[in-house]
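What follows is one structure encoded as structure tokens, with my remarks underneath.
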Amino acid sequence: MRTKQTFISKEQIAEIAQKYPTPFHLYDEKGIREKARALNEAFSWTEKHGGFREYFAVKATPNPHIMRILMEEGCGFDCSSYTELLLSESLGAKCGDIIFSSNQTPDEDFLFAHKLGVHINLDDFTHIEILDKLLEDKGGIPETVFCRYNPGGEFRIRQDSNVMDTPGEAKYGFTKEQLFEGYRLLQSKGAKKFGIHAFLASNTNTNEYYPELARILFETIAELKEQTGISLSYVNLSGGVGVAYRPEETPNNIYAIGQGVQKAFERVLVPAGMGNVAIMSELGRFMLAEHGCLVTRAIREKHIYKEYIGVDACAVNLMRPAIYGAYHHITVAGKENEAAVHKYDIAGGLCENNDKFAIDRMLPKIDMGDFLIIHDTGAHGFSMGYNYNGKLRSAELLLKADGSVKLIRRAETPADYFATLEV
Ligand SMILES: *Cc1c(COP(=O)(O)O)cnc(C)c1O
């Protein structure tokens with residue numbers, strides 16, 4: 001079994017905590033840059049075709065300091081709301097740097113996306129007419145449009161029966177019929193460049209997900225070209241590449257994933273005369289999860305029918321264990337080499353019994369004041385936060401490549417909680 005490493009030591013945490021009290025989210029600049037470089041390298045084979053670009057899924061970690069690092073590594077942004085567009089725009093991202101992949105999209109969001117000139121990815125067939133009407137006196141349907149495809153049914157990877165999801169139950173995307181009709185309609189309304197997008201399974205722990213998805217999309221657009229003469233310019237593989245949250249899981253290998261997509265590309269698109277298609281991704285979790293952690297302190301211990309350790313973070317700082325029963329590895333800082341001989345529930349202070357970061361977890365003996373490092377919280381961690389029970393969002397800190405630590409979002413105070421209230 002793999003040992004899950006932390007990117008921060010107890011000594012470093014103790015020093016940071018003197019200035020920034022726990023709990024806090026901490027991100028690792030070096031790891032983020034290395035991940036982005038590995039991804040770009042894994043898809044560098046596209047250079048002799050239509051190229052590749054990662055559009056980081058902003059919802060995973062919507063912090064401008066993190067986003068700027070990714071931008072410096074060549075990434076664009078995948079946004080799904082007005083505010084995420086604003087956030088991306090504030091960093092100087094524009095037009096082709098942003099894809100707007102939203103659903104149940106309000107008019108003002110469409111209008112703002114169009115004003116910024118970003119790529120719009122339509123979630124539904126009916127949005128074609130809606131967008132056309134909205135932009136009636138603004139030039140109509142944009143020149144470049146994406147459509148989100150939902151093939152329905154079940155999605156399974158043959159070699160890997162563990163990976164299964166049910167697109168047929170998902171609210172997203174066009175059916176295949178709607179998709180083909182949609183591109184025809186868009187073309188008749190003046191669109192000239194087209195993209196396809198699909199997100200069929202989340203947090204996949206296999207190198208086969210992207211290649212299998214790519215094969216489906218490549219075959220679909222080859223068929224589209226045959227039937228309609230419409231040749232697509234972009235294939236957006238979206239998110240869904242997972243991380244190994246558990247020590248017994250094998251991490252995905254992005255180079256194998258890139259090669260798998262290349263194989264499908266060469267087998268399907270090149271013979272179809274579509275060798276110039278550009279590949280896009282909208283990874284969130286894969287880019288950031290491993291490069292962030294939630295640092296919390298053991299503040300209470302309780303011995304009833306089970307052994308509890310109470311910490312100063314709670315589900316508002318990291319919701320995944322509470323809502324999905326998700327596993328997040330925990331390291332007791334400074335006790336990395338001690339035997340895990342105590343069974344604990346690690347609990348936050350919400351008045352909800354699902355507010356537990358771990359249940360029946362074997363860990364070294366925890367003493368009051370110990371720092372607990374909750375792993376893999378860099379994506380869908382802080383960003384899913386909320387204010388239940390009047391709990392406040394924590395600070396976000398960046399461990400810079402030079403070893404220094406920078407505050408990239410301060411912790412909320414009660415004044416923030418009251419800011420939207422008329423008292
Ligand atoms: C959430 C989301 C992503 C990112 O998903 P990950 O699981 O973080 O990779 C990408 N694209 C869209 C449209 C999404 O909704």
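For ligands, and for the atoms within them, numbers begin at 1 and follow the listed sequence.
Put simply, the side chain of Thr296 never gets that close to the backbone of Val311: no donor and acceptor are under 3.5 Å apart.
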Can you pull every nitrogen or oxygen pair between ligand 1 and the protein closer than 3.5 angstrom?
unit_1: ligand 1; atom_1: 8 (O); unit_2: Gly284; atom_2: N; d: 3.4
unit_1: ligand 1; atom_1: 8 (O); unit_2: Arg285; atom_2: N; d: 2.7
unit_1: ligand 1; atom_1: 8 (O); unit_2: His380; atom_2: NE2; d: 2.7
unit_1: ligand 1; atom_1: 9 (O); unit_2: Gly240; atom_2: N; d: 3.0
unit_1: ligand 1; atom_1: 9 (O); unit_2: Gly284; atom_2: N; d: 3.2
unit_1: ligand 1; atom_1: 11 (N); unit_2: Asp78; atom_2: OD2; d: 3.1
unit_1: ligand 1; atom_1: 11 (N); unit_2: Ser238; atom_2: OG; d: 3.1
unit_1: ligand 1; atom_1: 11 (N); unit_2: Glu282; atom_2: OE1; d: 2.7
unit_1: ligand 1; atom_1: 15 (O); unit_2: Lys59; atom_2: NZ; d: 2.7

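Shown here are the side-chain contact (heavy atoms from CB on, under 4.5 Å) partners of Ile359, two or more places apart in sequence or in another chain: Lys306, Asp345, Lys356.
Note: Phe265 and Phe218 meet the aromatic proximity criterion, with ring centroids under 6.0 Å apart. For Phe146 and Phe194, the gap between ring centers reaches or exceeds 6.0 Å.
A salt bridge links Asp416 with Arg410; the closest basic N to acidic carboxylate O contact falls under 4.0 Å.
Residues Ala198 and Tyr149 come closest through the heavy atom pair CB-O, 3.5 Å.
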